[in-house]
Number of protein chains: 4
Amino acid sequence: MVTVSIVNVTSYTGLELVRILAQHPQFVVTSVTGRSAAGERLDSIFPQVQATTLTTGQTTPAIDPSMVLTEESTRSDLAFVCLPHAAAAEMAAHLLERGTKVVDLSADFRLHDVATYEQWYKHTHPMPALLETAVYGLCELHRERIRTTSLIANPGCHATTSILALAPALAAGIIDSNIIVDSKTGVSGAGRSLSLSTHYAEANEDTSAYSVSGHRHLPEITQELEEAALAGGHPIVGGLRMTFLPHLLPMTRGILATCYTNLLPGQQLGPEDVRNIYKEYYADEPFVHVVDAPPHTKWTYGSNHCFIHPFVDPRTQRLVVLSCLDNLVKGAAEQAVQNANLLYGFPETAGLSSIGVNP
Amino acid sequence: MVTVSIVNVTSYTGLELVRILAQHPQFVVTSVTGRSAAGERLDSIFPQVQATTLTTGQTTPAIDPSMVLTEESTRSDLAFVCLPHAAAAEMAAHLLERGTKVVDLSADFRLHDVATYEQWYKHTHPMPALLETAVYGLCELHRERIRTTSLIANPGCHATTSILALAPALAAGIIDSNIIVDSKTGVSGAGRSLSLSTHYAEANEDTSAYSVSGHRHLPEITQELEEAALAGGHPIVGGLRMTFLPHLLPMTRGILATCYTNLLPGQQLGPEDVRNIYKEYYADEPFVHVVDAPPHTKWTYGSNHCFIHPFVDPRTQRLVVLSCLDNLVKGAAEQAVQNANLLYGFPETAGLSSIGVNP
Amino acid sequence: MVTVSIVNVTSYTGLELVRILAQHPQFVVTSVTGRSAAGERLDSIFPQVQATTLTTGQTTPAIDPSMVLTEESTRSDLAFVCLPHAAAAEMAAHLLERGTKVVDLSADFRLHDVATYEQWYKHTHPMPALLETAVYGLCELHRERIRTTSLIANPGCHATTSILALAPALAAGIIDSNIIVDSKTGVSGAGRSLSLSTHYAEANEDTSAYSVSGHRHLPEITQELEEAALAGGHPIVGGLRMTFLPHLLPMTRGILATCYTNLLPGQQLGPEDVRNIYKEYYADEPFVHVVDAPPHTKWTYGSNHCFIHPFVDPRTQRLVVLSCLDNLVKGAAEQAVQNANLLYGFPETAGLSSIGVNP
Amino acid sequence: MVTVSIVNVTSYTGLELVRILAQHPQFVVTSVTGRSAAGERLDSIFPQVQATTLTTGQTTPAIDPSMVLTEESTRSDLAFVCLPHAAAAEMAAHLLERGTKVVDLSADFRLHDVATYEQWYKHTHPMPALLETAVYGLCELHRERIRTTSLIANPGCHATTSILALAPALAAGIIDSNIIVDSKTGVSGAGRSLSLSTHYAEANEDTSAYSVSGHRHLPEITQELEEAALAGGHPIVGGLRMTFLPHLLPMTRGILATCYTNLLPGQQLGPEDVRNIYKEYYADEPFVHVVDAPPHTKWTYGSNHCFIHPFVDPRTQRLVVLSCLDNLVKGAAEQAVQNANLLYGFPETAGLSSIGVNP
């Protein structure tokens, strides 16, 4: 068994990790931390956790609901770090030093370029040297490098949705550099901290755009897509000209990215051709599914799956790609465990949900 | 007093008309029809209607909750027609013949070009001759012509949102012909007829795109925007190259259109400049408000107001315009009454709600 | 015109008062206060307020959206006080002293008995002398006394729903003293202050009971119901034995109280008889409607109406009464304006919404 | 491996069975039927099903997403019957005849007494002889009998919630026969068939009571509770005097039953005592949890767990019991699989979810 710490378990990603790891056959949670809740039992913060039952393949529970939160994690083989950025980088450095592998769910190690990081996150990077070690943990794009690292930068939720939507078209060189991503997300993406915009009476029966002057997931999206284009042999000269605009929707979970692109002239690609490019790109992926009709976020509820529907607008020859997933699962916690499975050579699907909870 | 019929009152737009007209100082509802519910009382179909109270300026009620629905409307000065397309055109012709003015809430008289209508609506237009009489009832664009017609084509809900968003930029000639509209709508836009996609357990906690091969509001949007560009002295050579994609959101009311456009090169327009173009365009409008931050659909709940926020994406120089309203109100029933107010020379705001119901 | 202050306009009841008073023909808002937001414009806190339009009967606006919030209210004829309890009582005393009439939306003046107040609210009453002056502002029960007072204690939202449900049966002496009220409320009742239980991701798709050891609306419910029984000539010997249990529902607005009672033996009352007792009790009420089927909270959305359905459970001869309203409207702000209308001899329905916003 | 048929897979319980069985280590689905959808692939009706992945302990998939629905099921060891009542009984008889064990999710075999069944369901029971064979499949009460039957009547969702809430108190003989159950349910309980009351725009932001003249789950609740009282040595003379009133809430999943009872005089039971009676009753149950605070339906989302909180109202000495679960899971599909696990001697928790999906 691999011992695991969850650092800052009181976040929503922390709670999701508890739910997932409780059903995992090979990880065992030995330490959970929480700054303000140190000394409390896990099942007093999240009472539903006392409902943990043994699942198939388990002889002992993977998590003890009566565990007490501590300020510092005890030594473990692996740690999932759910801290805010900056704090996360310092914690990761500390954990790596004592020989713990790290899956970091913050943004601290996602960008290769320190200057870009500091421009978007408005502070000095605490551990710039680690940026070279870190691997961007999108398994579908970096599977092999993930297996051999000790520091994984788990992608952002909007970023996962958009990158999976656009990588095949860029790798195939069928679109130009003008891209618009209109992303729609449920409220849980804003986390468990309180704010007026996530207050029920404000968010219910409402929708609006946010971060109109620039959302922090933009640079990781362009970084990864430009790499994917290059890897496919179709580098983007001058970089992508991308507008990324997120919107808040009155639902708890789910992201739907609607991506608008221009097919390069002379492509003569019919709907089938585009779909085949996508199906081939994701042919062996257990968690990415290219579908023949607009996907619903609800198909992904509580699961690690991403559904993608590319189509060509018949009037304008624009390629439009719809992509959706559960922001807390494939967009955060189960993607983190998928990464951890790779890190330890377990089956990539080990312990992960199969079909989403629907309706 | 002006006597009014509501044809097909059992629809959601019919119900909204009841609510609004009940508070109107000059219209009195003398006839309500409903195909399947003929013979039933209005307050047995919509029990909340029995809560009608006299409002300021009324000495008699504008609507009698105990009215009985009939198959055919009785003679009235004005009729609001809430029938599906095709049926609506035939009814409108019949009503006009007997001297009743008509506000038609269907799509039958919105498009000037019969061929375009027949291509999108897949049937022969029943009354093509009336297309010349009909005025597209977007008061902000066609106020003067509305005052003098007898047949008003009340705009579609998505169309109202998008046209109001884009008309100022096209009239000012600051953007090119490439436009993407990502529209997000609540479920009530689909009406009161049952379908699996509007079944609560399916629509709740879900979002998805629909009509990906082309939505019927597209031709009225381009028709009106091309006219607005022309009216502003900046005709669109070759027409707009517009992608319009609607999405269903888990809320009852509200539309948010996010419109992505390219500023023409050499414009040198800062955020303030763009906002001023918009503020000037709508300077005297009681129901359109250009705001300094992303608007929320909930600001418009139950009201006739539209909020618009144009901004320039600093990284790409794209002009993005956010526009929102209540699809059943400014997108349907109160816009219909706003049109009727113009038709009879009443104050344009007469009987219409002021501030939306919030939170 | 009567000049009006809204004290603590930044609350949800404050915002509702703005919406309602903006459409009122006789009140004009001359002062709005807010502790933390002093110095800000009303339409920067609530941007939708800039959409204020003149309504029928108004020649000048009843509220200026660009008004600046102050710490202290300026002198006005009338004040609506939306402060938390204790602070409210002190403010009311201060306002009364300077000759301003007060509608207090807090609980400070609802209970006649100081000891009961102090037991439930856990602090010394700041102004016990005023309890004798104050009138419990449930217009349907205390209309005449409201007209002549200068201090109105606006009832609680749960209390309004439950008292209206049970007063007719107790006044008629048809039930015994054993009463269970299972109340279900939307989230806006918890106000605009942030808390984990009103965080969207927590409250959405969830329901639970709260205040299981006793909710503060219980004593005002029993006080008023015991008075109503006495007024009807059927005093409750030994007082009511009431369990009141509130539940939080995933919706913004609305309260539904389900009240379970025992018909006194030997009554022989059929469903019609009970309904007639209720219809007679509320025969002349503009805002209370006894209906023949279970009412829906949504019928009341944004309106001042209360719908009541009493029925006899055929198997147990229990009388069950369903009662619903909008907690922010009849449960708070419009009830406050209804009281103010009485206070100034205006028509009781003046400026109040007619039919609720539905669907 | 045990072969399984799902009869009428196009229902919500059918879909849930697909999700759960896909992750089950010992069952393999070999046949799915659907009346109107015969000939279609399972993953064209429910596209999310194509996301099936192998889970721990599986070497072959438990379900093939490309399976074609048939009108008749093929021969299997076990069948889950998701048909409406009456049709279900006939199907069950047919399946039993050919040697297939049956878990019936309809109401056809829940009531021991034919006359009671016919009174509530308004038709002649098609297979009254089978009532003696059938076991009411509430594992917590009838575990041993379930193991040895071939026909299991899976309990109703409201019934499961209420019986689990009240059985311990009745078995311990601490309450009298007067019981009120105020049950609150999400919309999915009404199934996948369309109706106006489950139309999104109607059900969202609304709550109301339904079945006020008597809900069909009442007789199975009283049948089982009277048995539980008898089994505990405290028979209810004259039967229970129960009012059961269900309410529809704007959420997809979840039931919360609030049960109001009277403690028998002279009990002197403190909150701890009551809780201990409950904790002891459910001491060894993997899926029933007695908790110290009001439970939230969301704790149970997508899981087989039931949370119960009994407390004594300090003012009236009433015992109030809160009980909640997911109506489609413990209230239907996972309870059905829990029963099937018992039937085949598998671990009772095999293949069932651990912690609910939260937030």
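All values derive from a computational prediction rather than experimental measurement.
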Can you see which heavy atom on A:Leu15 is nearest to which on D:Asn358, and at what distance?
-> CD2-O, 3.2 Å
For atom CD of D:Glu40, decide whether the heavy atoms of other residues, nucleotides or ligands shown that lie under 6.0 angstrom number more than 12.
-> yes
For chain D, find its close neighbours in residues 326-334 of chain A: heavy-atom separation under 4.5 Å, sorted by number, or none.
-> A:Leu328
Where does A:Thr252 contact chain D at under 4.5 Å (heavy atoms): side chain, backbone, both or neither?
-> side chain
D:Ser354 versus A:Gln23, closest heavy-atom pair with distance = CB-CG, 3.8 Å
Contact class of D:Val288 relative to chain A, heavy atoms under 4.5 angstrom = neither
For residues 41-50 of chain A, which side-chain N or O atoms pair as donor and acceptor with protein atoms under 3.5 Å away, sequence neighbours left out?
| from | atom 1 | to | atom 2 | distance (Å) |
| --- | --- | --- | --- | --- |
| A:Arg41 | NE | A:Asp43 | OD1 | 2.9 |
| A:Arg41 | NH2 | A:Asp43 | OD1 | 3.3 |
| A:Arg41 | NH2 | A:Asp43 | OD2 | 2.8 |
| A:Ser44 | OG | A:Arg41 | O | 3.1 |
| A:Gln50 | NE2 | A:Pro47 | O | 3.0 |

Any sub-3.5 Å donor-acceptor pair from A:Arg253's side-chain atoms to D:Pro359's backbone N or O?
-> yes
Could you please state which residues from residues 296-310 of chain D sit under 4.5 angstrom from chain A, measuring non-hydrogen atom to non-hydrogen atom, sorted by number, or 'none'?
-> D:Lys298, D:Trp299, D:Tyr301, D:Gly302, D:His305, D:Phe307
Tell me the salt bridge (Lys or Arg N to Asp or Glu O under 4.0 Å) pairs involving residues 286-295 of chain A, sequence neighbours left out?
-> A:Arg275-A:Asp292, A:Lys279-A:Asp292
Short side-chain to backbone donor-acceptor contact, A:Thr53 and D:Pro286, under 3.5 Å = no
